[in-house]
Chemist: 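What follows is a structure written as structure tokens; I'll ask about it next.
The sequence lines fix the lettering, A, B, ..., with proteins before strands; numbering per chain opens at 1. Values below: every heavy atom of this structure, side chains too, minus hydrogens, waters and symmetry copies. Computed from a prediction, not measured in an experiment: that's the story for all the values here.
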There are 2 protein chains.
Amino acid sequence: MSQKKISSTEENYLKAVYSLSEKISENSYVSTNSIADEMQTKAASVTDMVKRLAEKTMLTYVPYKGVRLSGLGKKIATDLIRKHRLWEVFLVEKLGFTWAEVHPIAEQLEHIKSDELVHRLDAFLEYPEYDPHGDPIPDKEGKFRAKPEILLSDLKISEAGIIVGVKMHSPQFLEYLDSKKLVLGTKVEITEIIEFDQSMIVKLENESSFNVSSKICKNLYIQMA
Amino acid sequence: MSQKKISSTEENYLKAVYSLSEKISENSYVSTNSIADEMQTKAASVTDMVKRLAEKTMLTYVPYKGVRLSGLGKKIATDLIRKHRLWEVFLVEKLGFTWAEVHPIAEQLEHIKSDELVHRLDAFLEYPEYDPHGDPIPDKEGKFRAKPEILLSDLKISEAGIIVGVKMHSPQFLEYLDSKKLVLGTKVEITEIIEFDQSMIVKLENESSFNVSSKICKNLYIQMA
DNA sequence: AAAAATATTTAGACTAGTCTAAATATTAAT
DNA sequence: ATTAATATTTAGACTAGTCTAAATATTTTT
Ligand SMILES: [Mn+2]
Ligand SMILES: [Mn+2]
Ligand SMILES: [Mn+2]
Ligand SMILES: [Mn+2]
């Protein structure tokens, strides 16, 4: 399986490429610069690294075009995402962390190498399907369950739904959501849309309604009721 | 606290020095070669590293004599041991690993950096005092509880006690102990000592008695009944 | 289609950590 | 007190990963 010799750095590059691949069309390449952006590093460093990863057959690299993950690279990336999200569930469900706190710790824990550990953690958590931010947890084969698609900003007046995920993950954003009780599982109904700034007046169950900015509406995933 | 920039490698060196310090007299030095042995590396590499650690005031280094941990170095080492042992408890108590399996995984987990995580893990495990091998878990200040001292090999005929720890940690040894039911908490009584090879005939509660080799007797810690 | 702007790669340097081989210091043996 | 054996340090080289600056390729604008 994924028991090859691979560094945490290499894993992080593959994860970044995977994540960037999701945002572009199937047959296009992930550019050097976009990877540098995502990894907070320099394009020159990326070129070095993708050459090494290509050497290890984890991706294909076409100079001046970009890279594409191979099956192996995809497997390593989804394994990493699986571990990241399982650990986030652990941190929230078992240790009582908030959803705003867990990401940096999961960034470390995802690199722990032990298939048996992942397997037992998964069982201990009772095979969760989604992480604390509503992101689906891929299975051992790297298959994802359906991910939330509809944003709060897609709803029309009088439509209602349940918050099932967040698009942005910054702690500040998540803490703000907590303070407004806009957490996963909360039912929301649109009572009004303010045209000039695209903000919405939202009604929560057993709560008074209030204004929600466009920025927030574009970062909340909804399961329509 | 321990939030300085410190690499896992540096942490491992400090842990090795700490462990070696325990085995020698208070005022003597830990030698370069002994560190190289412990770390499975070369003496030349150790010299390089201890110079860097001395630079960071984590230990004092006297060329051709050896090193001694500073207060800071000692704190980093005991923090690491604390984390290692807490994770071992987690792996055994919560995830169902055997005591023979946990060490290599804890070697990775001990390097996760988050004081809050350690604190919450400690609480989640209900503040355990000993790890699955009977080794005491130091507190936040690095203070240790009493560690087991008496070995099974110290007992005389007809004396009895409870197994509270193991001196050796190899998986093979631990698995062998499991197969003989010589696990922590087991009550043992010496019924006979074979002089020529220093092996012992041991009686367990509700079990028939059997021969235990000298090597094993020297690696089992006993709390006398 | 040339010029300008942008993206990407190459070249060379740096740090952390490691190694081997050679030099030097310390300790033990005669 | 020399000599021999052992321990330790230095010197020089190597890899992974990173950076800046310069060179080159690609894309966009005019
Ligand atoms: Mn995360
Ligand atoms: Mn998440
Ligand atoms: Mn251990
Ligand atoms: Mn242990």
Chemist: Using a cut-off of less than 4.0 Å, is there contact between a side-chain N or O of B:Thr47 and OP1 or OP2 of D:dT9?
Modeler: yes
Chemist: Considering only D:dT8, C:dT8, C:dA16, which nucleotide approaches the side chain of B:Thr32 most closely?
Modeler: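 Selected nucleotide (nearest to the side chain): D:dT8.
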Chemist: Rounded to whole angstrom units, what separation is found between the CG atom of A:Leu14 and the P atom of D:dG17?
Modeler: 11 Å
Chemist: Assign each of A:Pro63 and A:Tyr13 to its nearest nucleotide of DNA chain D by heavy atoms, then name whichever residue's nucleotide is nearer the 5' end.
Modeler: A:Tyr13
Chemist: OP1 or OP2 of C:dG17 versus the side-chain N and O atoms of B:Ser7: is any pair under 4.0 Å?
Modeler: yes
Chemist: Using a cut-off of 4.0 Å on non-hydrogen atoms, how would the nucleic acid contact of B:Ser45 be classed: base, sugar-phosphate, or nothing?
Modeler: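 The residue B:Ser45 makes base contact.
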Chemist: Just how far, in rounded Å, is C1' of D:dC19 from CD of A:Gln40?
Modeler: 15 Å
Chemist: Nearest of D:dA25, C:dT20, C:dG17 to any side-chain atom of B:Glu10?
Modeler: C:dG17
Chemist: I want to check one thing: is the phosphate of D:dT10, taken as OP1 and OP2, less than 4.0 Å away from some side-chain N or O of B:Tyr64?
Modeler: no
Chemist: Find out whether the Lys NZ or Arg CZ of B:Lys94 is both under 6.0 angstrom from the six-membered ring centre of B:Phe124 and within 45° of the ring's axis.
Modeler: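 Pair B:Lys94/B:Phe124 counts as cation-pi.
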Chemist: With respect to the side chain of A:Arg52, which nucleotide from D:dT18, C:dT26, D:dC19 is positioned closest?
Modeler: D:dT18
Chemist: Please state whether the phosphate of D:dA7, meaning OP1 or OP2, lies under 4.0 angstrom from any side-chain nitrogen or oxygen of B:Ser31.
Modeler: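 It does not, given that no N or O in the side chain of B:Ser31 lies less than 4.0 Å from OP1 or OP2 of D:dA7.
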Chemist: Between atom CG in B:Asn33 and atom P in D:dT8, what is the gap in whole Å?
Modeler: 5 Å
Chemist: Does C:dT9 have OP1 or OP2 sitting under 4.0 Å from an N or O in the side chain of A:Tyr61?
Modeler: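 Result: yes.
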Chemist: For this output row, return yes or no: ring centroids of A:His133 and A:His103 closer than 6.0 angstrom.
Modeler: no
Chemist: Testing B:Ile76, B:Leu14, B:Ile6 one by one against B:Leu53 for a side chain to side chain contact (heavy atoms under 4.5 Å, CB included), which residue passes?
Modeler: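 Single side chain to side chain contact (heavy atoms under 4.5 Å, CB included) partner of B:Leu53 among B:Ile76, B:Leu14, B:Ile6: B:Leu14.
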Chemist: Calculate the interatomic distance between A:Lys56 atom NZ and D:dT15 atom C1'; express it in whole Å.
Modeler: 11 Å
Chemist: Can a cation-pi geometry be assigned to B:Lys15 and B:Tyr13, taking NZ or CZ under 6.0 Å from the six-membered ring centre and within 45° of the ring axis?
Modeler: no
Chemist: What integer distance in Å separates B:Ile35:CD1 from D:dT9:C1'?
Modeler: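 Computing the B:Ile35:CD1 to D:dT9:C1' distance gives 14 Å.
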Chemist: Rounded to whole angstroms, how far apart are CG on A:Asp48 and P on D:dT20?
Modeler: 13 Å
Chemist: Give the rounded distance in Å between these two atoms: NZ of B:Lys51 and P of C:dT18.
Modeler: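 Roughly 15 Å, once rounded to whole Å.
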Chemist: Could you check how far CD1 of A:Ile6 sits from C1' of D:dG17, rounded to whole Å?
Modeler: 14 Å
Chemist: What about B:Phe90 and A:Phe90, are their ring centers closer than 6.0 Å?
Modeler: yes
Chemist: Side chain of B:Thr41: nearest nucleotide among D:dC19, C:dT9, C:dT18?
Modeler: C:dT18
Chemist: Please tell me which of the listed nucleotides, C:dT8, C:dT18, D:dG17, lies nearest to the side chain of A:Met49?
Modeler: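 For A:Met49, the side-chain atoms sit closest to D:dG17.
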